[in-house]
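Only one structure is covered here, and it is reproduced in the block below.
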Amino acid sequence: MPLLASISKDNKSEEVYPIDKDTISAGRLPSNDIVLLDSSVSRNHFVIKKEKDGYYIADNGSSNGTLVNDKKVTGKTRLKNHDSIRAGKVVLVYKDDEFITVKEVSPSELGTIASSTSVPNNVYLNIIFSVAREGIYTHDQKQFYAHTIKLICNALKADYGAILVIDEATGMLSTMAESSVRESGTASISSSILDKSIKNRAGILVKNAGIDYRFTGDRTIQSMAINSAMCAPAWEKDHTYGALYVDRTIGKQQFTEENLNFITIIANLLALTMAHEKLVQRIADEKNLTDQIKRFVPIEAVSGFLDMIKNNPSSLWNVQEVSRSTILFADIVGFTSLTERSRPREIARMLRIFFEKATDIILTNGGSVNKFLGDGLMAVFGTPISHDDDPDRAISSAMALIKWVKSNGDGIDISLRIGIDTGPVLGIMVGSSQRLEYTVIGDSVNVASRLQAIADVNHIAISRETNSYIKTPVSTKLIGEITVKGKENPVTVYQVSC
């Protein structure tokens with residue numbers, strides 16, 4: 001697949017962004033597919049879209065424009081291999097799909113194999129080279145394994161062959177791909193040959209399986225009328241990934257040591273391919289985790305969060321006791337009536353603009369967007385990263401939001417109610433490795449939600465606790481006391497003047 005690569009200032013490292021979807025967005029906001037954390041980059045800077053004849057880039061209304069090879073993009077521009085893309089001060093290089101499909105063994109070569117008692121060296125080398133190259137660059141692993149075992153069986157005139165992998169969770173072997181000239185449903189593998197090869201990490205060559213004392217009790221050898229068989233483990237360093245197995249039935253020539261050397265090389269290459277697959281998957285999982293974390297925590301917390309998870313993965317699920325955190329709830333006023341008099345597309349546009357602006361403001365102030373709530377949101381200041389002035393940061397975010405909606409922000413006409421409370425909470429991660437959500441629970445969450453509900457239109461209601469922690473001078477007015485479900489004592493409410 002094509003990709004974008006950014007080179008570090010010291011030219012010592014490269015960050016790679018795969019273009020793995022038909023449409024990829026890039027910009028400063030965490031909601032983008034590619035997040036470019038530089039102040040010169042706009043929130044939604046550019047998009048890349050796949051079309052029939054290639055990939056095209058288009059500017060997304062950015063402040064500084066998008067340049068390809070130092071030419072400003074107007075409309076859309078088709079990307080070519082090694083094009084330079086500039087977004088603000090960030091420079092990326094577009095790299096097209098450079099994977100090469102190696103020449104396959106030709107039918108004429110296979111014909112030579114079929115009429116010969118041994119495999120020509122050039123065919124061996126061709127297959128080895130093909131497996132080595134395709135194993136690294138293939139897009140479709142299942143197709144690669146199926147193609148590989150077919151090549152091997154054709155080259156060796158094997159009646160049956162299989163590539164097997166070990167399930168790390170269970171330790172059980174499963175067939176990844178197989179090739180057979182036997183009747184459908186009759187293929188079976190000698191478990192004794194397979195087990196011995198994997199256990200000893202050694203190639204096994206059986207020339208007369210029916211009379212070989214090592215396998216006289218193997219029912220598969222007897223039932224399948226296997227005369228000769230080979231097995232080589234797929235292992236690299238200290239890890240065994242699986243095995244490569246082939247056999248011939250009675251009446252066929254026996255395999256030779258040369259044949260065993262051949263499949264041993266192939267098995268080693270398969271081990272490297274499997275190790276590469278796992279590495280790619282681990283990198284993809286880490287990137288997925290990083291992207292998810294970037295979406296709900298301030299950027300300065302991401303590296304610490306990832307280090308914690310890498311050093312102790314189980315810590316991801318620990319409950320974190322936070323002695324003081326400030327919770328903010330913001331909600332669009334009269335959203336139900338808005339939906340009744342507006343088209344769905346307009347409602348979707350309005351919500352997108354509001355959530356993007358709110359996210360930008362909250363993250364800029366060091367807070368975390370905890371969740372979106374239909375027509376509102378919940379933000380947290382104080383976890384997973386804390387500051388001495390978290391209440392001030394929450395109020396500053398709220399005031400910026402109110403100021404934005406009062407100025408008819410970005411062409412949408414909405415009003416807000418905002419509630420803020422400060423107190424102890426528990427921080428927890430919920431979900432799975434594919435879909436994570438960090439959330440907090442505690443009285444402050446309930447109180448902040450209740451304050452938001454009773455706040456005046458385009459006003460901010462805060463609790464006495466929040467008011468007591470304010471360091472930056474703001475004008476507040478005592479409103480009174482309210483009763484909150486689940487709390488024994490009433491909550492004293494203040495209103496922040498905007």
Side-chain angles (χ1 to χ4, degrees), residues 29-31 43 295-296 298 325-382 390-422 440 444-463 465-467 470 472 474-480 482 484 491 493-498:
L29 282 183
S31 56
R43 293 180 300 171
R295 293 174 188 271
F296 61 76
S325 183
T326 300
I327 312 298
L328 180 153
F329 276 84
D331 192 74
I332 297 175
V333 177
F335 184 75
T336 301
S337 60
L338 276 175
T339 58
E340 291 175 351
R341 64 175 186 268
S342 302
R343 294 181 177 180
R345 187 180 297 275
E346 176 59 24
I347 293 296
R349 186 185 76 88
M350 176 189 68
L351 287 174
R352 177 178 59 80
I353 292 173
F354 166 59
F355 287 142
E356 286 185 356
K357 183 64 178 180
T359 299
D360 198 16
I361 290 173
I362 290 162
L363 291 180
T364 299
N365 282 293
S368 304
V369 178
N370 189 264
K371 61 185 66 176
F372 298 111
L373 305 165
D375 58 341
L377 60 85
M378 171 184 164
V380 182
F381 297 79
D390 280 315
D392 297 84
R393 291 168 179 263
I395 290 174
S396 177
S397 299
M399 294 177 71
L401 269 173
I402 296 297
K403 181 179 179 181
W404 176 69
V405 298
K406 283 184 175 180
S407 64
N408 200 27
D410 292 339
I412 62 172
D413 184 15
I414 62 172
S415 298
L416 298 177
R417 288 189 176 93
I418 299 178
I420 301 174
D421 186 34
T422 301
V440 295
S444 296
V445 177
N446 184 33
V447 172
S449 177
R450 183 73 177 93
L451 292 176
Q452 173 268 311
I454 59 98
D456 290 336
V457 176
N458 286 339
H459 282 80
I460 306 161
I462 66 173
S463 65
E465 286 74 17
T466 300
N467 188 59
I470 295 176
T472 304
V474 293
S475 177
T476 61
K477 179 176 69 174
L478 178 64
I479 299 300
I482 63 168
V484 175
V491 175
V493 185
Y494 290 81
Q495 181 172 284
V496 178
S497 299
C498 299

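Along the sequence shown, the residues carry numbers beginning at 1.
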Nearest-0.5 Å distance, [atom1] of residue [X] to [atom2] of residue [Y]:
X: Q452; Y: L416; atom1: CD; atom2: CG; answer: 9.5 Å
X: E465; Y: I470; atom1: CD; atom2: CD1; answer: 12.0 Å
X: I462; Y: L451; atom1: CD1; atom2: CG; answer: 9.0 Å
X: T359; Y: L363; atom1: OG1; atom2: CG; answer: 6.0 Å
X: S444; Y: D421; atom1: OG; atom2: CG; answer: 4.0 Å

Open item on the list: What I want to check is whether the side chains of T472 and D392 have a donor and an acceptor closer together than 3.5 Å.
Closed with: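 T472 vs D392: donor-acceptor pair found between side chains.
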Taking [Y]'s backbone N and O only, do any of them form a donor-acceptor pair with [X]'s side chain (distance below 3.5 Å, no angle check)?
X: T466; Y: T422; value: yes
X: S449; Y: V445; value: no
X: R417; Y: A455; value: yes

- [ ] Please report the closest heavy-atom contact between D390 and G382, naming both atoms and the distance.
- [x]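 Residues D390 and G382, closest heavy atoms: OD2-CA, 3.2 Å.
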Task: Exercise: identify the closest heavy-atom pair between T326 and A394 - done: CG2-CB, 3.5 Å
Task: Those residues that, when tested against R349, pass side-chain contact (heavy atoms from CB on, under 4.5 Å) (two or more places apart) - done: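 side-chain contact (heavy atoms from CB on, under 4.5 Å) list for R349, sorted by chain: E346, R352, I353, I412.
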Task: With sequence neighbours excluded, residues passing side-chain contact (heavy atoms from CB on, under 4.5 Å) with N446 - done: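 Only V484 meet the side-chain contact (heavy atoms from CB on, under 4.5 Å) criterion with N446.
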TODO: List the steps and the verdict of side-chain contact (heavy atoms from CB on, under 4.5 Å) for I347 and F335.
DONE: CA-CA 9 Å; I347 293 296; F335 184 75; 3.8 Å; yes
Is there side-chain contact between [X] and [Y], with at least one heavy-atom pair below 4.5 Å?
X: M378; Y: L328; value: no
X: Q495; Y: I460; value: no
X: L377; Y: F329; value: no
X: E356; Y: L29; value: yes
X: F381; Y: S368; value: no
X: K406; Y: N458; value: yes
X: I418; Y: H459; value: no
X: L478; Y: V493; value: no

- [ ] On the 0 to 90° scale, with breaks at 30° and 60°, tag the F355-F372 ring pair as parallel, tilted or perpendicular.
- [x]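 It falls in the tilted class, 30° to 60°.
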- [ ] Determine, stepwise, if the pair K477 / Y494 fulfils side-chain contact (heavy atoms from CB on, under 4.5 Å).
- [x] CA-CA 5 Å; K477 179 176 69 174; Y494 290 81; over 6 Å; no
Task: side-chain contact (heavy atoms from CB on, under 4.5 Å) assessment of I361 paired with L401 - done: CA-CA 8 Å; I361 290 173; L401 269 173; 4.0 Å; yes
TODO: For side-chain contact (heavy atoms from CB on, under 4.5 Å), just list the numbers for M399 and V474, CA-CA rounded to whole Å, side-chain angles, deciding distance to a tenth of an Å, and then say yes or no.
DONE: CA-CA 10 Å; M399 294 177 71; V474 293; 4.2 Å; yes
